[in-house]
Protein chains: 2
Amino acid sequence: MDLRIRALLLAAGVVAGCASQPPAPELRGTGDLGVVIARASGKIAVVDTSHRTVLGEVSGLGDLSHASVVFARDGRFAFVFGRDGALTRVDLLARRITHRVQQAGNSIGGAISQDGRIVVAQNYEPGGIRAFDADTLAPLAEVPSTYGAEGKRSKVVGLADLPGNRFAYALFDAGEIWVTDLSDPKTPRTEKYAAGLQPYDGLVTPDGRYYLAGLFGEDGLALLDLWQPEKGVRKVLRDWGRGDEKLPVYKMPHLRGWAMADGYLWLPAIGRHQVWVVDTRSWQQVAQIPVAGQPVFVMARPDGRQIWVNFAFPDNGKVQVIDSLSRSVVKSLEPGRAVLHLEFLPRGGEVWLSARDDNRVSVINTERFDTLASFSIDAPSGIFFTTRAARIGF
Amino acid sequence: MDLRIRALLLAAGVVAGCASQPPAPELRGTGDLGVVIARASGKIAVVDTSHRTVLGEVSGLGDLSHASVVFARDGRFAFVFGRDGALTRVDLLARRITHRVQQAGNSIGGAISQDGRIVVAQNYEPGGIRAFDADTLAPLAEVPSTYGAEGKRSKVVGLADLPGNRFAYALFDAGEIWVTDLSDPKTPRTEKYAAGLQPYDGLVTPDGRYYLAGLFGEDGLALLDLWQPEKGVRKVLRDWGRGDEKLPVYKMPHLRGWAMADGYLWLPAIGRHQVWVVDTRSWQQVAQIPVAGQPVFVMARPDGRQIWVNFAFPDNGKVQVIDSLSRSVVKSLEPGRAVLHLEFLPRGGEVWLSARDDNRVSVINTERFDTLASFSIDAPSGIFFTTRAARIGF
């Protein structure tokens with residue numbers, strides 16, 4: 001409350017009545033806000049990346065294992081997708097839940113439309129996608145992932161927003177990539193493309209042009225050029241995957257972690273201690289870079305000069321930095337136990353990392369690699385900054 | 001003021017003291033705010049891109065011809081660089097000026113550091129750059145553009161922010177490109193590179209890697225690879241420019257308008273009714289696209305599928321849209337008289353255009369090309385959205 005007013009109230013002896021009022025939310029910008037998932041406690045921490053501080057927590061978000069977050073265009077509201085199928089809209093300024101719906105039994109994330117008006121969840125159980133009004137979470141549409149003669153529903157993975165309020169996603173059981181146009185949310189229009197055996201995750205390139213799905217049932221990747229979808233899905237990188245050796249895979253890599261830098265795609269080899277470099281003009285592999293473990297997230301610093309990699313158990317305490325010009329590891333870090341996720345500031349000067357088993361989030365300068373700040377958050381996992389609202393494919 | 005508190009104050013008969021307080025600024029996000037320059041009246045309009053409305057005006061900004069704007073990381077504060085050398089910090093939420101300095105006699109824009117803490121102005125008179133604290137506009141450093149035996153100062157153009165709190169800019173009179181590291185703002189460190197005859201503007205590619213300067217005194221472009229600056233400046237596109245024909249040039253194109261899309265650079269030919277397409281791997285021209293006039297701004301929709309072009313007099317009432325896949329004009333628009341600038345929403349679904357001589361700003365859907373909204377602003381020129389704060393090279 002305004003101090004002058006408070007003084008007046010005290011003078012008037014009427015302050016008791018408002019001392020119980022919650023404090024008015026702080027007037028501030030939202031371009032430097034972010035969210036850290038505290039997966040064990042069903043909470044999120046709201047963070048300020050300018051001052052590197054935790055502003056507060058919001059609890060009551062349910063099962064946040066494998067949770068993901070998208071943001072409204074204004075940067076004020078976060079949409080949290082819980083593994084338990086709950087979708088929650090959080091006001092980052094007031095630090096409170098504004099709307100919450102139990103939209104499915106088992107969900108694996110979501111996306112927000114180009115115009116910011118439609119939030120879409122991708123579901124395992126029941127399979128399909130569901131669209132909601134971004135202001136109210138009122139249901140707008142559902143596209144059941146029905147396939148085959150028996151009319152089963154497929155698990156949906158790899159949901160990504162596209163230009164034109166469209167969304168691309170993969171059907172694990174059906175082996176298809178679907179593209180749904182929600183520009184008229186009441187009447188979704190869906191195109192379907194054969195993809196291959198068991199697509200398990202997917203991503204769209206930062207320009208929204210190429211949709212790539214990793215295949216669990218066969219080696220290689222399914223590639224759909226969304227500028228020329230009539231050409232259908234191409235199989236690329238046939239030797240990407242476990243190959244004949246069938247190496248043990250401790251954790252399937254996160255495709256959303258794939259990095260585009262300087263016209264090249266940097267991706268985690270499956271089961272191998274390697275990062276692969278792929279020319280996105282030819283879709284041929286041009287380099288294999290040895291790293292300290294099985295990569296999970298392979299993420300480009302926004303300027304593309306560095307590629308940061310974290311690893312599956314037992315190497316999940318390590319992070320390595322690849323120089324994209326020399327294509328070699330230039331720095332190895334050990335920022336904590338069980339490094340689950342990292343997020344760069346949008347212009348790349350700093351990176352935030354979550355070390356789950358140390359209950360710590362660290363902020364590291366990406367030029368000097370010194371730690372600028374660190375703070376305690378209960379079992380932190382995903383880190384998401386509001387600037388994602390301005391990006392395609394997040 | 002909180003209505004409950006106000007009621008209490010009224011009850012307590014002590015409201016007079018606060019009734020005179022200005023109304024509290026609205027609590028809202030800043031990710032969907034923008035600024036439109038009203039050049040004739042020394043005002044800026046603060047706009048809301050979600051609701052396509054003008055929220056208010058801020059006046060007293062001086063000479064805003066050729067004005068430019070950068071934003072604080074939080075999206076709340078705008079820094080307006082006036083042609084008269086004034087630098088003004090505006091609170092977009094409170095719609096008021098917080099700080100203003102007369103930092104030079106004649107200025108041509110500025111930039112903000114990667115960490116958002118340093119605002120830098122580039123000056124014609126006196127030549128050089130000056131650095132200011134982004135919170136207070138307190139002066140931090142000056143780099144005079146002194147060159148030659150007589151110690152003259154050169155005009156500075158083409159200032160662009162780089163990763164690592166560095167800035168690149170061109171010296172028109174000295175024919176050099178300078179890169180100044182302000183990571184320790186009190187002690188700037190500057191590297192100098194010979195560029196060619198009279199660099200008149202410059203830009204950095206969206207990844208911050210390549211700095212390009214247009215040359216007024218000779219044909220071609222000066223290219224500096226900032227990842228390998230020791231290699232020095234390369235001359236590329238030797239046939240870019242007026243060439244032997246020495247065509248009349250009604251307006252030099254804005255280099256900052258150059259578009260990067262899909263690994264290609266789209267740039268306005270000088271004096272010719274053409275847009276050129278350049279492969280940024282080889283720096284060779286791969287196509288020339290005929291357009292309706294002498295291009296001024298050539299801007300890629302953020303997904304790179306469309307390239308929008310406006311034109312110099314007498315064709316400045318036209319706007320054309322090039323499809324980057326077919327490399328042909330797919331749409332011609334006439335959104336108003338004297339279209340000076342355009343700005344895309346960060347994910348590309350809508351574009352805002354200013355038509356100076358119609359005192360109108362229009363918002364156009366980039367898929368259907370229908371006009372979604374338009375409103376009156378006095379002689380509008382530059383349009384700048386807060387999401388620029390998250391981009392490199394703006």
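In what follows, every chain begins at residue 1, and chains take the letters A, B, ... in the order their sequences are listed.
Between B:Gly304 and A:Trp227 the shortest heavy-atom distance is O-CH2, 3.6 Å. Shown here for B:Gly29 and A:Thr30, the closest heavy-atom pair between the two residues is CA-OG1, 3.5 Å.
Listed options A:Thr387, A:Asp91, A:Leu325 were ranked by heavy-atom pairs under 4.5 angstrom with chain B; first place goes to A:Leu325. The candidate from B:Asn165, B:Ile392, B:Leu345, B:Leu27 with the greatest count of non-hydrogen atom pairs under 4.5 Å with chain A is B:Leu27. For chain A, the option among B:Glu26, B:Arg76, B:Arg28, B:Arg73 with the highest count of heavy-atom pairs below 4.5 Å is B:Arg73. The choice from A:Gln228, A:Arg368, A:Arg281, A:Glu350 that makes the most heavy-atom pairs within less than 4.5 Å of chain B is A:Arg281. Annotation: maximal heavy-atom pairing with chain B below 4.5 Å, among A:Asp161, A:Leu92, A:Thr366, occurs at A:Asp161. Ranked by heavy-atom pairs shorter than 4.5 Å toward chain A, the options B:Ala390, B:Pro346, B:Gly208, B:Gly75 are led by B:Ala390.
Between A:Arg347 and the choices B:Leu162, B:Asp115, B:Ile112, the side-chain contact (heavy atoms from CB on, under 4.5 Å) rule is met once, by B:Ile112.
The contact between A:Leu93 and chain B is made entirely by side chain atoms (from C-beta outward), counting heavy-atom distances below 4.5 Å. Proximity to chain B (any heavy atom under 4.5 Å) is shown, for A:Arg391, by both the backbone and the side chain. For B:Thr205, no part lies under 4.5 angstrom from a heavy atom of chain A. With a 4.5 angstrom heavy-atom cutoff, A:Leu33 does not touch chain B via any of its atoms. For chain B, no part of A:Ser183 is nearby; none of its heavy atoms comes within less than 4.5 Å. Using a 4.5 Å cut-off between heavy atoms, B:Ser113 touches chain A through its backbone atoms (N, CA, C, O) alone. Heavy atoms closer than 4.5 Å to chain B are found in both the backbone and the side chain of A:Ser50.
Between B:Arg305 and A:Leu226, the closest side-chain pair of non-hydrogen atoms is not below 4.5 Å.
Atom-to-atom distance recorded for B:Gln114:CD and A:Glu367:CD is 7.0 Å, nearest 0.5 angstrom. Here the CG atom belonging to B:Asp32 is positioned 5.0 Å from the CG atom belonging to A:Asp74, to the nearest 0.5 angstrom.
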